[in-house]
Amino acid sequence: MDKRRKKIDPEKERALRDNFDRDIAENRLSLGEAVKTMRRISKLTQAEFAAHRGVDLTTLKTIESGTANPRVSTLNKIADVFGLEVRFVRRTRSHDA
C-alpha cells in the first residue's frame, strides 16, 4: 500500500463501506463511480488496485472514467474483493426511455 496515504479510523472505514453498500443497493453509482469508490475504500492507487485485482491499468482507468466497455470477467475480478458480482438488474423508472 502507498505509504503516503493516511490511515483511516475503523469507524470511518465502516461508514464508507456502509455508504457504498447503500449506494449500490439503491443504484446511485455509475459503474465508473462504483469502481473508483471500491479502489478508494481499499486505499490503493489505480496502479496498485489494478495489480491487486489482476486487471490492466489502462482498463481500470477507462472503467473509472466511464469510457470502457469491459468484459464481465474483468468486472467480476474487480468486484469480487467487495463480495459483488455482475448481474442483470431491473431498471429504475428514471432510466426508462
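Note that the coordinates shown come from a computational prediction; the quantities given were computed from them, not determined experimentally.
With rounding to the nearest 0.5 Å, the separation of CG in Leu31 from CG in Leu75 is 5.5 Å. The NZ atom of Lys36 sits 10.0 Å away from the CG atom of Leu60 when rounded to the nearest 0.5 Å. The distance from the OG1 atom of Thr58 to the CD atom of Gln46 is 10.0 Å, given to the nearest 0.5 Å. Note that CE of Met38 and CD1 of Ile78 are 6.5 Å apart. Values are rounded to the nearest 0.5 Å. Note that CG of Asp80 and CZ of Arg53 are 5.5 Å apart. Values are rounded to the nearest 0.5 Å. Within the model, atoms OG of Ser42 and CG of Leu16 stand 11.0 Å from one another, a figure rounded to the nearest 0.5 Å.
In this view, Phe49 satisfies the ring-ring contact (aromatic ring centres under 6.0 Å, His included) rule with no residue, not counting sequence neighbours. Partners of Asp18 according to the side-chain hydrogen bond (donor to acceptor under 3.5 Å, both in side chains) rule, which considers only residues two or more places apart in sequence or in another chain, are Arg14. Taking the side-chain hydrogen bond (donor to acceptor under 3.5 Å, both in side chains) definition, one finds that Thr62 meets it with nothing, sequence neighbours left out. With sequence neighbours left out, the side-chain hydrogen bond (donor to acceptor under 3.5 Å, both in side chains) criterion links Glu85 to Arg87. Considering only residues two or more places apart in sequence or on other chains, Asp21 meets the side-chain hydrogen bond (donor to acceptor under 3.5 Å, both in side chains) condition with none of them.
Using a 4.0 Å cut-off between charged nitrogen and carboxylate oxygen, Glu48 and Arg39 do not count as a salt-bridge pair.
Judged by distance alone, the side chain of Thr74 and the main-chain N or O of Pro70 form no donor-acceptor pair under 3.5 Å. Without hydrogens or angle criteria, Lys77 side chain to Val55 main chain gives no donor-acceptor distance under 3.5 Å.
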Would you please test Glu33 and Glu64 for side chain to side chain contact (heavy atoms under 4.5 Å, CB included) and show each step? CA-CA 6 Å; Glu33 292 167 335; Glu64 285 191 8; over 6 Å; no
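For residues 54-63, there are no salt bridge (charged side-chain N to carboxylate O under 4.0 Å, His left out) pairs, not counting sequence neighbours.
Side-chain contact check for Arg71 versus Asn76: every heavy-atom pair is 4.5 Å or farther apart. Between Thr37 and Phe82, every side-chain heavy-atom pair lies at or beyond the 4.5 Å cut-off.
Hydrophobic clustering of Ile, Leu, Val, Met, Phe, Trp and Tyr side chains at less than 4.5 Å, counting indirect connections, keeps Val81 apart from Leu57.
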